Number of protein chains: 2
Amino acid sequence: MEKNKQKKLEAAGWRIGTVDEFLNLNQQEAEYIELKLSLSKNLQKRRRSLKITQKDFAKMIKSSQSRVAKMESGDPTVTIDLLVKSLLTLKTPKNSLSRILPR
Amino acid sequence: MEKNKQKKLEAAGWRIGTVDEFLNLNQQEAEYIELKLSLSKNLQKRRRSLKITQKDFAKMIKSSQSRVAKMESGDPTVTIDLLVKSLLTLKTPKNSLSRILPR
DNA sequence: ATAAGATATGTCATATCTGACATATAGTCA
DNA sequence: TGACTATATGTCAGATATGACATATCTTAT
């Protein structure tokens, strides 16, 4: 890698080819999983508070009971996209998800 | 649909087979797109403020320049997952994305 | 304990997303 | 202007996520 590029990447918080890089990757991964899990739990909480079964909720989002179970358990095959779409289904227009953005 | 189930769905804010349902779907879709676009713009802003090119940033996230361009333009083939992972790469551990959760 | 309903787990064909590449367009500077 | 760098757009083969299904396990009521 040329010197110049390395400087730029370091400016973005990277230390190339070092332990730091490894730790950063783990950190990102951890935060990503944490985020997903939080969405999962929130979804489950909302569904339960509405006294809807996974089966009924699956119909609302045109999915299946098994996938809803996977959503709520934080299964690795479930994307944030699916979780967000599901949460939006359970929200009234006023309680917008747009408030959950980076600040 | 049986009467009982319909009641449950209505409790979750649905009016089955009506104009309301149609509007709700549009509303969700709109919020989903709005969310994605906001993440897109945030990503672009962060990358630019760090004076990193799309090409260099692509290397950081093990992707390609073209996909970074698509991320920043809100291309429909880009998932929230990819945007979030990318944003996490540009954040220092302290500025966690975990603060952007549903409240 | 046992039946019934709800939720979890495993699998799979199909749909969708991905990085990569080619190439077009926009921006910058001599 | 033209050369150079950055960004945008189109395409595609391979990778990953999806809904659906079968079936297992948990929960609850009797």
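Below, chains carry the letters A, B, ... as their sequence lines are ordered, and counting in each starts from 1. Being a predicted model, the structure only gives us computed values, none of them experimental.
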For a 4.5 angstrom cut-off between non-hydrogen side-chain atoms, does [X] reach [Y]?
X: A/Ile61; Y: A/Val68; value: yes
X: A/Thr53; Y: A/Gln65; value: no
X: A/Met71; Y: A/Leu82; value: yes
X: B/Leu83; Y: A/Ile80; value: no
X: B/Leu50; Y: B/Phe57; value: no

Base, sugar-phosphate, or nothing for [X], non-hydrogen atoms under 4.0 angstrom?
X: A/Ser66; result: base
X: B/Thr79; result: sugar-phosphate
X: A/Val68; result: nothing

Closest listed nucleotide, where the reference is the side chain of [X] and the choices are [options]:
X: A/Thr53; options: D/dA8, C/dT7, D/dA6; answer: C/dT7
X: B/Val78; options: C/dA8, D/dT7, C/dT18; answer: C/dT18
X: B/Arg67; options: D/dA8, C/dT18, C/dA8; answer: C/dT18

[atom1] of [X] versus [atom2] of [N]: gap in Å, rounded?
X: B/Lys62; N: D/dT16; atom1: NZ; atom2: P; answer: 15 Å
X: B/Gln65; N: C/dC21; atom1: CD; atom2: C1'; answer: 11 Å
X: B/Lys59; N: C/dG19; atom1: NZ; atom2: C1'; answer: 14 Å
X: A/Asp81; N: D/dG19; atom1: CG; atom2: C1'; answer: 16 Å
X: A/Glu72; N: D/dT25; atom1: CD; atom2: C1'; answer: 16 Å
X: A/Asp75; N: C/dT7; atom1: CG; atom2: P; answer: 17 Å
X: B/Met71; N: C/dT18; atom1: CE; atom2: P; answer: 8 Å
X: A/Leu82; N: D/dT16; atom1: CG; atom2: P; answer: 18 Å

Under 4.0 angstrom between [X] side-chain N/O and [N] OP1 or OP2:
X: B/Ser63; N: C/dG19; answer: yes
X: A/Gln54; N: C/dA8; answer: yes
X: B/Arg47; N: D/dA6; answer: no

Exercise for the section: Please confirm whether the backbone N or O of B/Glu34 pairs with a side-chain atom of B/Ser38, one donor and one acceptor, at under 3.5 Å? Expected result: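 Absent.
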Practice task
Give a yes or no answer on whether the side chain of B/Lys36 reaches the backbone of A/Asp81 with a donor-acceptor pair at less than 3.5 Å.
Solution key: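 Between the backbone of A/Asp81 and the side chain of B/Lys36 there is no qualifying donor-acceptor contact (under 3.5 Å).
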Practice task
Indicate whether the side chain of A/Thr77 and that of A/Asp75 have a donor and an acceptor atom separated by less than 3.5 Å.
Solution key: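 A pair is found: one side chain offers a donor N or O, the other an acceptor, under 3.5 Å apart.
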Handout entry: Side chain B/Lys70 and base D/dG10 donor-acceptor under 3.5 Å
Key =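 Yes, a donor-acceptor pair under 3.5 Å.
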Problem - Pair of N/O donor and acceptor under 3.5 Å linking D/dA17 base with A/Thr77 side chain - result: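 In this structure, the two groups form no donor-acceptor pair.
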Handout entry: Degree of bending, the helix from C/dA1-D/dT30 to C/dA30-D/dT1 (end axes from five pairs; round to 10°)
Key =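 The end-segment axes of the helix from C/dA1-D/dT30 to C/dA30-D/dT1 are tilted 50° relative to each other.
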